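Report on the following structure.
Each residue takes its place number in the sequence, starting with 1. Remember, predicted model here, so these are calculated numbers, not experimental data.
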Amino acid sequence: LHKRRAESVERGFFLLSSAQTVDDFRVLAADLRGTEPGEQAAFLLARRLYEDEQYADANVAFSEFLAEYSDSDLVAAARLGSAYALEADGRLDEAQDVFAATADLVSDAAKTSEAWLGAGRCAELRGLDKQAVHFYENAVAALASGALRDQAVIALKRLQVAHHASPRD
């Protein structure tokens with residue numbers, strides 16, 4: 001039985017290596033559900049939908065991934081993927097909430113900073129400058145250095161300049 005399962009997993013990864021389209025990933029995610037290659041297929045399906053600018057479908061696929069594979073090493077990436085899909089779909093309030101919740105849940109400092117940066121960006125786009133400043137400050141605090149921290153610092157400076165010119169809340 002163990003040998004048969006190993007062969008099945010190996011075959012699943014082989015099939016996954018040749019998958020390219022949304023349909024390929026969708027079929028493999030369904031056929032291999034509950035296995036390591038199925039987990040990869042489900043995540044790659046969501047990512048491919050996002051890359052194909054099918055943002056609403058990508059969000060659904062990331063949500064389904066999270067429901068099915070809640071113990072996966074890809075949970076943080078899937079949560080961020082869902083937030084990015086919501087943001088790209090123009091659902092900024094929902095995206096902001098998912099980014100902020102993700103920042104509170106992940107332990108990786110870079111992903112935490114990325115999530116706070118996303119929450120700040122959504123708040124800023126919604127005209128919620130005070131919330132944006134709070135989120136950007138959290139992004140800066142999450143990392144000692146790096147590109148994500150630098151982006152948050154730049155965003156904070158941009159908001160400070162804009163706030164002095166014409167305050168908005």
Side-chain angles (χ1 to χ4, degrees), residues 1-126 135-136 138-139 142-143 146-152 155:
L1 183 64
H2 180 68
K3 184 179 178 184
R4 191 177 310 141
R5 171 138 172 84
E7 289 172 355
S8 175
V9 168
E10 186 177 317
R11 182 178 177 280
F13 279 122
F14 174 76
L15 292 170
L16 188 58
S17 70
S18 63
Q20 294 182 4
T21 68
V22 165
D23 289 337
D24 292 343
F25 290 116
R26 192 179 314 276
V27 167
L28 289 174
D31 289 351
L32 303 170
R33 184 176 178 191
T35 67
E36 290 177 59
E39 174 184 337
Q40 292 289 319
F43 182 81
L44 293 172
L45 166 63
R47 214 172 84 190
R48 178 52 51 98
L49 286 164
Y50 182 88
E51 291 166 357
D52 289 352
E53 299 179 4
Q54 297 177 42
Y55 303 122
D57 292 338
N59 178 56
V60 169
F62 279 121
S63 297
E64 289 172 353
F65 173 88
L66 290 164
E68 178 72 25
Y69 301 103
S70 60
D71 292 334
S72 171
D73 291 339
L74 297 170
V75 164
R79 289 183 65 83
L80 286 169
S82 176
Y84 282 119
L86 288 165
E87 181 182 12
D89 199 33
R91 296 160 59 185
L92 298 178
D93 56 336
E94 293 173 73
Q96 178 183 317
D97 290 347
V98 174
F99 277 125
T102 299
D104 284 335
L105 292 174
V106 299
S107 57
D108 176 82
K111 287 195 180 356
T112 299
S113 185
E114 181 180 357
W116 285 128
L117 190 63
R121 188 175 52 251
C122 291
E124 186 177 357
L125 288 168
R126 295 174 63 211
F135 293 141
Y136 288 142
N138 287 345
L143 289 174
L148 291 170
R149 185 181 194 281
D150 294 346
Q151 289 176 38

Closest heavy-atom pair and its distance - Thr102, Ala76:
CG2-O, 4.4 Å
Return the minimal non-hydrogen interatomic distance between Ser70 and Val75, and the atom names on each side.
O-CG2, 3.3 Å
Sequence neighbours excluded - salt bridge (Lys or Arg N to Asp or Glu O under 4.0 Å) pairs with any residue from residues 18-31
none
Might you point out which heavy atoms bring Pro37 and Gly12 nearest each other, and give the distance in Å?
CB-C, 3.6 Å
Please report the closest heavy-atom contact between Ala100 and Ala119, naming both atoms and the distance.
N-CB, 4.0 Å
Who passes side chain to side chain contact (heavy atoms under 4.5 Å, CB included) against Ser63, sequence neighbours left out?
Asn59, Ser82
Donor-acceptor pairs under 3.5 Å, side chain of residues 40-53 to any protein atom, not counting sequence neighbours: which ones?
residue	atom	partner	partner atom	Å
Arg48	NE	Glu51	OE1	3.2
Arg48	NH1	Gln20	O	2.0

Over all heavy atoms of both residues, which pair between Ala109 and Ala142 is shortest? Give the atoms and the distance, please.
CB-O, 3.5 Å
If you look only at pairs with a residue in residues 67-94, which of them pass as a ring-ring contact (aromatic ring centres under 6.0 Å, His included), with sequence neighbours excluded?
Phe65-Tyr69, Tyr84-Phe99
Between CG of Leu80 and CZ of Phe62, what distance do you get to the nearest 0.5 Å?
9.0 Å
Can you pull the ring-ring contact (aromatic ring centres under 6.0 Å, His included) pairs that have at least one residue in residues 105-125, sequence neighbours excluded?
Trp116-Phe135
Kindly indicate whether the side chain of Gln151, heavy atoms from C-beta on, has any atom under 4.5 Å from the side chain of Tyr136.
no
If you take all heavy atoms of Ala110 and Leu148, which pair is closest and at what distance?
O-CD1, 3.3 Å
Holding to side chain to side chain donor-acceptor pair (under 3.5 Å), I want the full list of residues that pass it with Asn138, two or more places apart in sequence or in another chain.
His134
For residues 108-121, the salt bridge (Lys or Arg N to Asp or Glu O under 4.0 Å) pairs (sequence neighbours left out) are Glu87-Arg121
Once salt bridge (Lys or Arg N to Asp or Glu O under 4.0 Å) is applied, what residue pairs with a partner in residues 90-104 remain, sequence neighbours excluded?
Asp89-Arg91, Arg91-Glu94
Side chain to side chain donor-acceptor pair (under 3.5 Å) partners of Ser72, counting only residues at least two apart
Glu39
With ring-ring contact (aromatic ring centres under 6.0 Å, His included) as the rule and sequence neighbours excluded, what pairs involving residues 14-39 come up?
none
With rounding to the nearest 0.5 angstrom, report the CG to OG distance, Leu28 to Ser18.
7.5 Å
Please list all pairs passing the salt bridge (Lys or Arg N to Asp or Glu O under 4.0 Å) test where one or both residues lie in residues 57-81, with sequence neighbours left out.
Arg33-Glu68
